[in-house]
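Here the structure is laid out as structure tokens; the discussion comes afterwards.
The figures that follow rest on heavy atoms only: side chains count, while hydrogens, waters and symmetry mates do not. Positions are given from 1 along the sequence.
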Amino acid sequence: MSKTFDRYSSIIFLVLGIGFIFESSKISQSAYGSNVGPDIFPKFLGIILILLSCRLFYETFKYANKEKRKDILDYKKFLIIFVSAILYVVLLETIGYVITTFLFLLISFQTMEKGSWLKTLLISGVFSYGIYFLFVEVLEGTLPGFPVWFN
């Protein structure tokens with residue numbers, strides 16, 4: 001990326017992170033049947049976004065001045081991941097978090113880098129079930145579980 005683009009985007013992400021934290025403070029702090037309130041996730045995302053934007057802004061000072069080259073945009077990969085993200089949102093409630101997240105990650109990883117199926121299957125499976133277990137069992141939150149026909 002370019003130094004100018006990264007600096008401006010880091011400032012935009014910083015503002016978005018502050019907005020996440022500010023707006024999440026307006027959400028109620030507890031939900032019925034859950035120890036983790038709905039305000040925790042947006043606050044956590046806001047903090048991560050602020051930290052990453054500060055890191056990106058800091059990294060722009062380390063950029064070496066290279067000759068400008070024109071990057072080739074890969075619309076096919078973008079379209080595949082964009083459509084799979086839309087399908088992820090649409091199918092999340094009916095198929096459940098674990099299966100939908102597994103399929104989304106599988107498609108995204110294979111779109112970005114073809115091959116290494118074993119690594120892709122392993123990372124997708126461990127991540128999707130691991131996050132589900134951590135959030136539902138450990139933190140006692142709620143996520144769409146497995147579909148009825150799967151049990």
Side-chain angles (χ1 to χ4, degrees), residues 1-3 5-21 23-24 27 30-60 62-63 66 69-151:
M1 293 305 239
S2 73
K3 183 189 300 188
F5 177 80
D6 285 349
R7 282 191 182 160
Y8 284 127
S9 62
S10 69
I11 292 170
I12 290 170
F13 290 137
L14 178 72
V15 171
L16 281 173
I18 292 170
F20 267 61
I21 292 173
E23 291 298 321
S24 69
I27 300 173
S30 67
Y32 179 72
S34 177
N35 290 338
V36 178
D39 64 328
I40 297 295
F41 190 64
K43 256 183 209 166
F44 185 67
L45 283 179
I47 292 169
I48 289 175
L49 198 55
I50 288 172
L51 292 174
L52 289 175
S53 66
C54 291
R55 171 71 189 238
L56 179 62
F57 190 77
Y58 172 74
E59 290 290 325
T60 60
K62 294 183 178 181
Y63 285 179
K66 296 180 182 177
R69 67 168 214 252
K70 196 168 191 173
D71 292 331
I72 299 171
L73 301 176
D74 196 350
Y75 292 108
K76 182 180 177 183
K77 287 182 179 181
F78 171 76
L79 195 59
I80 290 171
I81 293 175
F82 183 71
V83 168
S84 64
I86 291 173
L87 288 173
Y88 177 79
V89 171
V90 170
L91 298 174
L92 185 63
E93 287 291 326
T94 53
I95 297 179
Y97 175 81
V98 176
I99 296 172
T100 311
T101 304
F102 174 77
L103 292 174
F104 173 71
L105 290 175
L106 186 73
I107 291 168
S108 298
F109 289 155
Q110 285 300 310
T111 301
M112 297 300 287
E113 183 179 337
K114 292 196 187 311
S116 65
W117 276 96
L118 182 63
K119 184 172 74 171
T120 302
L121 288 169
L122 186 66
I123 291 172
S124 300
V126 168
F127 181 82
S128 60
Y129 186 75
I131 294 297
Y132 181 80
F133 178 79
L134 180 70
F135 192 76
V136 173
E137 299 298 326
V138 176
L139 296 175
E140 297 179 1
T142 56
L143 282 173
F146 290 98
V148 176
W149 50 266
F150 192 73
N151 293 331

- prompt: Taking the side chain as C-beta and beyond, is there a heavy-atom pair between S9 and L56 under 4.5 Å?
  reply: yes
message: Just verifying a value: how many Å separate L14 CG and L51 CG, rounded to the nearest 0.5 Å?
response: 10.0 Å
Straight-line distance of L52 CG to L45 CG, nearest 0.5 Å: 10.5 Å
- prompt: Does L121 offer a backbone N or O that forms a donor-acceptor pair with the side chain of S124 under 3.5 Å?
  reply: no
task: Would you give the length of the straight line joining atom CG of L49 to atom CD1 of I18, rounded to the nearest 0.5 angstrom?
output: 9.5 Å
- request: Using the side chain to side chain contact (heavy atoms under 4.5 Å, CB included) rule, take V89 and I86 through it: C-alpha gap first, then chi angles, then the decisive distance, then the call.
  value: CA-CA 5 Å; V89 171; I86 291 173; 5.9 Å; no
- prompt: salt bridge (charged side-chain N to carboxylate O under 4.0 Å, His left out) with E93: which residues, sequence neighbours excluded?
  reply: none
statement: Heavy-atom closest pair (K77 atom, M112 atom, distance to 0.1 Å) is NZ-O, 3.6 Å
message: For a 4.5 angstrom cut-off between non-hydrogen side-chain atoms, does F20 reach K43?
response: no
message: Ignoring hydrogens, what is the shortest heavy-atom contact between S116 and Q110? Give both atom names and the distance.
response: O-NE2, 4.0 Å
- prompt: Is there a side-chain contact between I50 and I21 (heavy atoms, below 4.5 Å)?
  reply: yes
query: How many angstroms lie between atom OG1 of T100 and atom CG of L105, to the nearest 0.5 angstrom?
result: 10.5 Å
message: If you define the side chain from C-beta out and look only at heavy atoms, does anything of T120 sit under 4.5 Å from L106?
response: yes
Any donor-acceptor pair under 3.5 Å from S84 side chain to I81 backbone: yes
message: What's the separation between atom OG in S128 and atom CD1 in I123, rounded to the nearest 0.5 Å?
response: 11.5 Å
- request: Kindly state each residue pair satisfying ring pair (Phe, Tyr, Trp, His ring centres under 6.0 Å) with at least one member in residues 76-117, sequence neighbours excluded.
  value: F78-F82, Y88-F104
- request: Would you check if I80 and I107 make a side-chain contact, meaning some heavy-atom pair closer than 4.5 Å?
  value: yes
query: How many angstroms lie between OG in S53 and CD1 in I48, if you round to the nearest 0.5 Å?
result: 12.0 Å
